[in-house]
Enquirer: 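Before I ask anything, let me first share the structure, which is written out below as structure tokens.
Within every chain, numbering begins at 1; the chains are lettered A, B, ... in the order of the sequence lines, protein sequences first and strands thereafter. Computed from heavy atoms alone, side chains included, the values below leave out hydrogens, waters and symmetry copies.
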Amino acid sequence: MGESYLNRAVEFQLREEQSMRIHLFGSCSGTEPMPNRHHTAFAIEWKGGLYWFDAGENCSYTAHMMGLDLQQVRAVFISHTHMDHMGGLGNLLWNMRKLNERTHRISGKTVELYLPDLRPWEGVRELLRYTEGGFAIDFELKAAEFGDGVIFSKDGLTVTALHNHHLAHQEGEPWRSFGFAIDAGGKRVVYTGDTKGLEDYKALLPCDMLLAETGHHPPVKVARDLLESGVQPGVLCFIHHGRDILADAAGQYREVRAVLGERVRILDDQITLRV
Amino acid sequence: MCTEEKKAAGEEQELKVHLFGSCSGIVPVPDRHHTALAVEWRGGLYWFDAGETCSYTAHMMGLDLRRVRAVFLSHPHLDHTGGLANLLWSIAKLGRREGGMEGKRIDLLFPDIRIWNGVEMFMHCSDKDLSPGFALAASEYRDGVIYSGDGLTVTALHTHHLPHQEGEPWRAFGFAIDAGGRRIVYTGDTGGFGDYRALLPCDLLLTETGHQQTAAVARCLKESGLAFGELCFLHHGQAVLADPEGQARAAQEILGDRVRILDDGTTIRV
């Protein structure tokens, strides 16, 4: 009996260690401010690290209020440089520094920043340069521009980027808008970023969880396209909500559930999911 | 004058302060965001400091961001500037969606124009046109009258919150805002009472507790004999955050009930 209980406890702990947690800080697209929703941002928690995807305004405040330790942030990935995806980046770094002044848990470490375009990063740096103490820090911020392919692989977590057609693109110029596949513990989470449609992220599927935006697509169309493609995800979670969901989340949920059944969710700010 | 005319005249003279963020630059605190407020006068909003989430909170308070006439930043620290880009982005968003911004101009007054350079660089890839149909007029200010429009005047006075080199510009300021025969003083971050004494007397004093104790401010005010109308604390530091009632009482014991500790989302009539 005792041995069986111990086995179950060990199994539970192993499952916990080998699962990703997704913490959603902001579920709104780039509309005017909406009650109880902030701009897009979430983090994947894996083996004690936080891997941050997009950084809409207020994301670090919300994360701190959810009880997360911002000093666990290992890397930040920005899908594209629109304000509703990176308006909170400066404050995220500022809050990390503020916390580190008290407990020094980032001291000596490197936090990696992946942006599809480094020009806005220069603006963030310029703003931080004139804040308290010139934003002197005893940890390193390492910013890099990325393109298609595996852009991060550490501690058993891999991030693969794939460009999409959300932003206009000129032949020979770098792509500036991306979706991501995040692989860890044998599971895959796909975050579409902002897209032109399923064709933009189909190559990242199949996956265990798909985080798909509705800022530019009716949710029911996303569900139907997935059904017809034959590569439906384990769970489909809508984020970056556009006006359809903002106006009638319950009605939209009924429509998508009729297409894909119970494995569909419309996410709110401050939700944590496990994959 | 009929009742309706009297009401209209009253509204014309109404002077309000809306507080969006009451917190100083510490780690996130429940129900409090970084410092930002707006003075409402004759249908215009005059924005002072712009901590993160200020435009979100203002919109949720029912204020129309398209009425922003000018933004004044007291100093370049991020707990006073971290929401500026989102504020301007939200104004542009509302203007595109609902109109009403065509031909307008918003003045942006900085103690250090390099802040604006950073915001512009940050915003450029988000929107090629930061102000569709309207103008953003950014400038650096010094001591003295820095704004005067529609019967509202803003006077800046440097503080000792930031180190200062002889011959270099001051980079931290407090403000006196005059409209309708009343004066609001917002101290910004200070080196103490001596930094804003010259802006008094006033009808409403908004001062910070990130670097001052409530009782010390109250004592200095009492000893000065200068009129202040109401004393409201904002930009709260550790002492107020830990014990707002106790810190309010400490100042009230000296000045009576004309003392308040402000919360986010508060509106005050002056």
Enquirer: Can you say whether A/L167 sits under 4.5 Å from chain B via the side chain, the backbone, both, or neither, judging by heavy atoms?
Expert: neither
Enquirer: Side chain, backbone, both or neither: which part of B/L78 has a non-hydrogen atom closer than 4.5 Å to chain A?
Expert: both
Enquirer: Before giving the answer on side chain to side chain contact (heavy atoms under 4.5 Å, CB included), spell out for B/H34 and A/W94 the whole-Å C-alpha distance, their side-chain angles and the decisive distance to 0.1 Å.
Expert: CA-CA 12 Å; B/H34 285 164; A/W94 186 92; 3.4 Å; yes
Enquirer: Using non-hydrogen atoms and a 4.5 Å limit, figure out which bit of B/R96 sits close to chain A: side chain, backbone, both or neither.
Expert: neither
Enquirer: Is it the case that over 12 heavy atoms from other parts of the model lie below 6.0 angstrom from the NZ atom of A/K196?
Expert: no
Enquirer: Does atom NZ (B/K104) have a neighbourhood of more than 12 heavy atoms from anything else shown, all under 6.0 Å?
Expert: yes
Enquirer: Which atoms of A/N36 are under 4.5 Å from chain B, going by heavy atoms: the side chain, the backbone, both sets, or neither?
Expert: backbone
Enquirer: Do you know which of A/D117, A/L128, A/T31 has the most heavy-atom pairs under 4.5 Å to chain B?
Expert: A/T31
Enquirer: Do A/T131 and B/P76 touch side chain to side chain, with heavy atoms closer than 4.5 Å?
Expert: no
Enquirer: With distance as the sole test, does B/Y56 use its side chain to make a donor-acceptor pair with the main-chain N or O of A/E32 at under 3.5 Å?
Expert: no
Enquirer: Please flag which part of A/M83 lies under 4.5 Å from any non-hydrogen atom of chain B: side chain, backbone, both or neither.
Expert: both
Enquirer: Given a strict heavy-atom distance threshold of 4.5 Å, which part of B/H80 is in contact with chain A: side chain, backbone, both, or neither?
Expert: neither
Enquirer: Heavy-atom distance under 4.5 Å to chain B: side chain of A/T62, backbone, both or neither?
Expert: neither
Enquirer: Select, from A/P35, A/A63, A/P33, the one with the greatest count of heavy-atom pairs under 4.5 Å involving chain B.
Expert: A/P33
Enquirer: At what distance, to the nearest 0.5 angstrom, does CZ of B/F122 lie from OG1 of A/T81?
Expert: 9.0 Å
Enquirer: When you measure from the side chain of A/N58 to the backbone of B/T53, do you find a donor-acceptor pair of N or O atoms at a distance under 3.5 Å?
Expert: no
Enquirer: Which of the residues B/E98, B/M121, B/M123, B/H77 is involved in the greatest number of heavy-atom pairs with chain A at under 4.5 angstrom?
Expert: B/H77
Enquirer: For the candidates A/F135, A/Y61, A/W121, which exhibits the highest count of non-hydrogen atom pairs separated by less than 4.5 Å from chain B?
Expert: A/Y61
Enquirer: Under 3.5 Å, is there a donor-acceptor pair between the side chain of A/N91 and the main chain of B/G82?
Expert: yes
Enquirer: Need one label for A/H39: side chain, backbone, both or neither, based on atoms under 4.5 Å from any heavy atom in chain B.
Expert: side chain
Enquirer: Looking at every heavy atom in both B/M60 and A/M34, which two are closest together, and how far apart are they?
Expert: CE-C, 3.3 Å
Enquirer: What distance do A/K98 atom NZ and B/D79 atom CG have between them, rounded to the nearest 0.5 Å?
Expert: 7.0 Å
Enquirer: Using heavy-atom distances under 4.5 Å, tell me whether B/R171 contacts chain A through its side chain, its backbone, both, or neither.
Expert: neither
Enquirer: Name the region of A/R37, side chain, backbone, both or neither, that has any atom closer than 4.5 Å to a heavy atom of chain B.
Expert: backbone
Enquirer: Mind ranking A/M86, A/E132, A/E101, A/R102 by heavy-atom pairs under 4.5 Å with chain B and telling me who comes out on top?
Expert: A/E132
Enquirer: With only heavy atoms counted, which part of B/D189 is less than 4.5 Å from chain A, the side chain, the backbone, both or neither?
Expert: neither
Enquirer: Using a cut-off of under 4.5 Å for heavy-atom pairs, which of B/D112, B/I26, B/N117, B/L94 has the most such pairs with chain A?
Expert: B/I26
Enquirer: Give the member of B/K93, B/R97, B/E120 that has the highest number of heavy-atom pairs under 4.5 Å with chain A.
Expert: B/R97
Enquirer: Less than 4.5 Å to any heavy atom of chain A: does that hold for the side chain of B/V119, its backbone, both, or neither?
Expert: both
